[in-house]
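Only one structure is covered here, and it is reproduced in the block below.
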Amino acid sequence: QVRVVESGGGLVQAGGSLRLSCAASGIIFSISAMHWYRQAPGKQRELVAYIVSGGSTNYADSVKGRFTIWRDNSKNTVYLQMNNLEPDDTAVYYCKAQFGPGNYWGQGTQVTVSS
C-alpha cells in the first residue's frame with residue numbers, strides 16, 4: 001500500500017516563504033527519486049524540482065535561486081523550501097515518488113501567494 005502525502009501549503013504574501021513536506025510509505029524511499037510538480041489555473045502541469053537517490057537536484061528555471069529541494073531518508077520525507085514567493089507561484093503542488101517502474105502521486109496541496 002503506497003501512500004504519498006503532502007503538507008505545508010497555505011496563503012502567504014508576496015516575498016514570503018513556505019516549506020512543503022511530502023511523506024512516502026510503501027516504497028523503498030532511499031532509492032526512490034522524488035519530484036515536486038505544480039499546476040496553476042489555466043496552465044499545464046510543470047516539473048518544479050526533483051532529487052534523485054544520490055542527492056543530485058534539478059530545478060525549473062522559474063524557481064532557481066528561490067526554491068530548494070532536499071530529502072531526509074530517516075523520515076521518508078522530501079521537502080521543498082520556497083522563498084521570495086511571487087503571485088505566479090500560486091498553484092496546487094504535487095509530490096511524486098518514482099520507485100522502480102512505478103510513479104506514485106500525492107493528493108496535492110494548495111499554495112496561494114497574494115500581491
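We use all heavy atoms of the structure for the numbers below, so side chains are in, but hydrogens, waters and symmetry mates are not.
Between atom CD1 of residue I28 and atom CG of residue N73 there is a gap of 12.0 Å, rounded to the nearest 0.5 Å. Q13 CD to T112 OG1: the interatomic distance, rounded to the nearest 0.5 Å, is 13.0 Å. Expressed to the nearest 0.5 Å, how far CZ of R45 lies from CD of Q39 amounts to 6.5 Å.
Judged by distance alone, with hydrogens and angles left aside, the side-chain atoms of Q98 form no donor-acceptor pair with the main-chain N or O of S32 at under 3.5 Å. Between the E46 side chain and the Y37 main chain, no donor and acceptor come within less than 3.5 Å of each other. Without hydrogens or angle criteria, R66 side chain to N84 main chain gives a donor-acceptor distance under 3.5 Å. Between the side chain of T90 and the main chain of V113, a donor-acceptor pair closer than 3.5 Å is present. Under the 3.5 Å distance criterion, the side-chain polar atoms of T77 are matched with a main-chain donor or acceptor of K75.
In this structure, S53 and S30 approach most closely via the heavy-atom pair CB-O, 3.3 Å. Closest approach of V63 and V48 over heavy atoms only: CG2-O, 3.8 Å. When all heavy atoms of G106 and Y94 are compared, the pair lying nearest together is O-CD2, 3.9 Å. Here the closest heavy-atom approach between residue C95 and residue V78 is recorded as SG-CG1, 4.0 Å. Scanning all heavy atoms of the two residues, the minimum distance from V4 to Q107 falls at O-OE1, 3.6 Å.
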**Request:** Show your reasoning for whether side-chain contact (heavy atoms from CB on, under 4.5 Å) applies to L18 and L85.
**Result:** CA-CA 8 Å; L18 281 174; L85 283 161; 4.2 Å; yes

**Request:** List the steps, then state whether side-chain contact (heavy atoms from CB on, under 4.5 Å) holds for Y50 with S56.
**Result:** CA-CA 8 Å; Y50 69 87; S56 296; over 6 Å; no

**Request:** List the steps and the verdict of side-chain contact (heavy atoms from CB on, under 4.5 Å) for L20 and E6.
**Result:** CA-CA 7 Å; L20 306 183; E6 303 100 329; over 6 Å; no

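Hydrophobic clustering (side-chain heavy atoms under 4.5 Å, transitive across Ile, Leu, Val, Met, Phe, Trp, Tyr) groups V12 together with W36. Follow the hydrophobic side-chain contacts under 4.5 Å out from V5 and you never reach Y104; the two are in separate clusters.
The closest side-chain heavy-atom distance from T68 to L80 is not below 4.5 Å. Residues V111 and M82 form a side-chain contact, since some pair of their non-hydrogen atoms from C-beta on lies under 4.5 Å apart.
A cation-pi arrangement, defined by a distance under 6.0 Å to the six-membered ring centre and an angle within 45 degrees of its axis, is present between R71 and F29. A cation-pi arrangement is absent between R38 and Y93 under the rule of less than 6.0 angstrom and at most 45 degrees off the ring axis.
Judged purely by distance below 3.5 Å, without hydrogens or angles, the side chains of N83 and Q81 pair a donor atom with an acceptor atom.
Applying the ring pair (Phe, Tyr, Trp, His ring centres under 6.0 Å) test to residues at least two apart or on different chains, the pairs with a partner in residues 52-74 are W70-Y79.
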